[in-house]
Amino acid sequence: FFIIAMADQKEKQIQEAKALQKSLEEISTQREAVQEELQKMKAELAEHQEQATQLQGRLTTIDSEMAQKSALLKTIQAEMYKAENEYMACLEAQPSLVHVMKQM
């Protein structure tokens, strides 16, 4: 009876060892899959960070250009209003020009 019990216990230990080995292999496979996914995510993050840096640079350039063009537009508008006022003053000073301009 003792030998049978030892044989059964040995077989049980062998089965437990095999189950543990299989479990370790599954965990190792999962770990490798997660590591691979993590590496892909890191690469994607780096790519998106590079794109974000480039876009931020472009945004800064556009912002600067908009400020310059807005200032230029204000200058042009001021010159236009000045020229219109001078034109109107000239017309008011010489009523005969108004008559000539109406005939054109």
>> Looking at E36 and K40, is any side-chain nitrogen of the basic one under 4.0 Å from a carboxylate oxygen of the acidic one?
In response: yes

>> If I take atom OG1 from residue T60 and atom CD from residue E65, how far apart are they, to the nearest 0.5 angstrom?
In response: 11.0 Å

> Could you give the distance from OG1 (T75) to CD (E79), rounded to the nearest 0.5 Å?
Replying inline: 6.5 Å

>> Which residue in the set R31, Q39, E32 passes side chain to side chain donor-acceptor pair (under 3.5 Å) when paired with Q35?
In response: R31

> How long is the span from the OG atom in S64 to the CD atom in Q68, to the nearest 0.5 Å?
Replying inline: 4.5 Å

> Using a distance-only test with no angle check, is there a side-chain donor-acceptor pair under 3.5 angstrom linking E26 and Q30?
Replying inline: no

>> More than 12 heavy atoms of other residues, nucleotides or ligands under 6.0 Å from CE of M66: yes or no?
In response: no

> Given side chains that start at C-beta, do those of S23 and I27 come closer than 4.5 Å, heavy atoms only?
Replying inline: yes

> Quick one: CG on L20 to CD on E25, what's the gap to the nearest 0.5 Å?
Replying inline: 11.5 Å

>> Can you confirm whether the side chains of R58 and Q54 place a donor and an acceptor under 3.5 Å from each other?
In response: no

>> I need the K69 NZ to I62 CD1 distance, nearest 0.5 Å.
In response: 11.5 Å

> Quick one: CD on Q49 to NZ on K42, what's the gap to the nearest 0.5 Å?
Replying inline: 12.0 Å

>> Could you check whether any side-chain N or O of N85 sits under 3.5 Å from a backbone N or O of Y81, counting only pairs where one atom can act as donor and the other as acceptor?
In response: yes

>> Is there a side-chain contact between E86 and C90 in this structure, where contact means two heavy atoms from C-beta onward sitting under 4.5 Å apart?
In response: no

> In this structure, are over 12 heavy atoms from other groups packed under 6.0 Å from E37 atom CD?
Replying inline: no

